[in-house]
Number of protein chains: 2
Amino acid sequence: MPLELRALRYFVAVAEARHITRAARQLGMAQPPLSQQIKALEQHLGAALFRRLPRGVELTPAGEALLDDARALIQQAEQAEVRVRRVARGELGRLRLGMINSAPFHPLIPGVIREFRRRYPTVALSLDEGTTPLLAAAVLARRMDAAFIRPLLAPEEGLVETPLMSEDLVIALPSGHPLSRRRRLPLMALSLEPFVLFPRAVGAGLHEEILRACHRVGFLPRVVQETSQVTSIVNLVAAGMGVSIVPASMQQAQIDGVSYRAIAGAVPKARLSLIHRADEADAAQIQNLLQLV
Amino acid sequence: MPLELRALRYFVAVAEARHITRAARQLGMAQPPLSQQIKALEQHLGAALFRRLPRGVELTPAGEALLDDARALIQQAEQAEVRVRRVARGELGRLRLGMINSAPFHPLIPGVIREFRRRYPTVALSLDEGTTPLLAAAVLARRMDAAFIRPLLAPEEGLVETPLMSEDLVIALPSGHPLSRRRRLPLMALSLEPFVLFPRAVGAGLHEEILRACHRVGFLPRVVQETSQVTSIVNLVAAGMGVSIVPASMQQAQIDGVSYRAIAGAVPKARLSLIHRADEADAAQIQNLLQLV
DNA sequence: CAAGTGGCATATGCAAATCGTATTGCAAAA
DNA sequence: TTTTGCAATACGATTTGCATATGCCACTTG
């Protein structure tokens, strides 16, 4: 029958009160059971912890030695308790977050991240960029806890996808391009232009969305250059490599040599989702994050 | 109802086995009560510690966090236990020892101290010198735990005195003193000599013993110099200040200018005692020390 | 000096926590 | 679909822990 914290708590109370009766009162119990517990503890340890005096008790050297350890143990147990609760509430721990390249340009994302850091400053937050499929794979493989991505083509086993918002897509033209004279352009105006787009392999929902929109108005974009990062697409457009269709929030990135024009007619949307593992749907960090978005 | 170590031991077992059933076997109990205990712990902490899988269980982040703390707590509790036992057995702790100035010259004392250090190397041993009354007061005031002293004139309340041994007293003469031509001297031969002795106030049993011996043969020593330390007495004798009567073991101290002569007739004795507090008669250090002497 | 007081130990009875046995439930593997 | 492995639930049995009552000892007080 091993040592229990209860015994140590009783012991400390008696050691501090130097009286069994008084300690019992402070503990909210009667004196006899406390005497028993102390006796049992002494028997268990095979050592006298107190000297019984006519007027109270006194610590023996062995009791002296135990007192320090007992206090430390009790306090550490309490600390362990609060630590677990904090981890459970997500106030402590870590959150490995991923995001696609274009996410930081939409004001929502930096806002959420800033707010998370403000609310849970003790959570170690790590941030990485990647493409939608890479991020999904990382979350699934537990190398990441959650990620802001473009919608997945097919629902992934073991992943939960939470749609966050959708924003308009806009046309990106090299500055001075003939089409840039008009404020709004129908998609069809791009039918003969060279395109800079995501590679099909990488392209998750967004690539699909763009192709579908073009298809709807009756053409297939002629892709002259592929790159997996939105920022690179914009840079290639600036270099005059071609035109592209990007999320409206990319206009936040003030890049010389690129003009953005709204799409006339049916405007295709860029949707953003947050994914996390299904088996961590109740993990506190995830919950806290979801609450913010 | 606070946290108990039992719960943590159960938790660690389950966390390490990753199975409740297997952990229960290792703990020597059935599976249902263990399930209950784990559930109760989770409820108490307000946090899920395990994810129940079809094939065993898995730690949640909160459980992960608790595991380290739980292991540490259990181990520290065990360490505290062995520490108390060791203190109780006197293998750990401290022993503040005192001795009179002449004690180190009797082979018994250094022998005992050396043996104590060999047997209980983890006991912090401190050593101080002093006069018999000062040492008795220090022990009584708990500034010291035990002391080698000359016998007390009267038994002191709260102190236990253990007689250790007695040795002959011998006469100390300055070298070349006329009396030093004879190997043995009757005490009476010193009746007209100047004496170097302890001050009466300091003098406990030994001072008394010397005076009584002189009184027995019919003279009162003429004290020309007083000092409370035996070594000083011997030095003063060496300086030709007078003669003295000292424990035979002082011959161990090879001091130039002093000759020792045995006493003819009834030889007075120098007795040595060990004292310690009565209320610590059962203290392990004291017991160990007494066992050695 | 005798009665009173303070404080710890022991005895006994009860209530609650813990455990074991039996059973159910559920999801993956055969 | 059946089987299997493992956790959850139900309930009776046992142990543990606490409270009340009492005894004993040392010191205090009238």
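These numbers come from the heavy atoms of this one structure, side chains and all, not from hydrogens, waters or symmetry mates. Nothing here was measured: the structure is a model prediction, and the numbers come from that model. Order of the sequence lines sets the chain letters (A, B, ...), proteins ahead of strands, with each chain counted from 1.
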Discussion item. What residues from residues 17-24 of chain B pass a heavy-atom cutoff of under 4.0 Å to DNA chain D?
Written reply: B:H19, B:I20, B:T21

Worksheet item: Tell me: CZ of B:R25 to C1' of D:dC6, nearest whole Å?
Response: 11 Å

Worksheet item: More than 12 non-hydrogen atoms from neighbouring residues, nucleotides or ligands closer than 6.0 Å to CZ on B:R117, yes or no?
Response: no

Worksheet item: Any donor-acceptor pair under 3.5 Å linking the side chain of A:E91 with the backbone of A:Y120?
Response: no

Item to complete: Would you kindly give the CD-to-C1' distance between B:E42 and D:dA7, to the nearest whole Å?
Response: 12 Å

Worksheet item: D:dA8 P sits how many Å from B:Q43 CD, rounded?
Response: 13 Å

Worksheet entry | Annotated protein contacts, base or backbone, on nucleotides 12-30 of chain D with a non-hydrogen cut-off under 4.0 Å, one of B, S, - each | -----SSBBB----S----

Item to complete: Classify the angle between the aromatic ring planes of B:F198 and B:H207 as parallel (below 30°), tilted (30 to 60°) or perpendicular (above 60°).
Response: perpendicular

Discussion item. Apply salt bridge (charged side-chain N to carboxylate O under 4.0 Å, His left out) to residues A:E64 and B:R83 and explain how you reach the verdict.
Written reply: CA-CA 11 Å; A:E64 239 11 298; B:R83 213 170 304 146; over 6 Å; no

Worksheet item: Which residue, A:V123, A:D145, A:L125, forms the side chain to side chain contact (heavy atoms under 4.5 Å, CB included) with A:Q285?
Response: A:V123

Discussion item. I'd like to know if A:R96 and A:D128 make a salt bridge, using a cut-off of under 4.0 Å between side-chain N and carboxylate O.
Written reply: no

Discussion item. Tell me whether the side-chain N/O atoms of B:K39 come closer than 4.0 Å to OP1 or OP2 in D:dT9.
Written reply: yes

Worksheet item: Looking at A:E78 and A:R9, does any basic side-chain N land under 4.0 Å from a carboxylate oxygen?
Response: no

Discussion item. Just to verify, what does B:R85 make a side chain to side chain contact (heavy atoms under 4.5 Å, CB included) with, not counting sequence neighbours?
Written reply: A:H44, A:L45, B:E81, B:R89

Discussion item. Less than 4.0 angstrom between a side-chain N/O of B:S35 and OP1 or OP2 of D:dA8, yes or no?
Written reply: yes

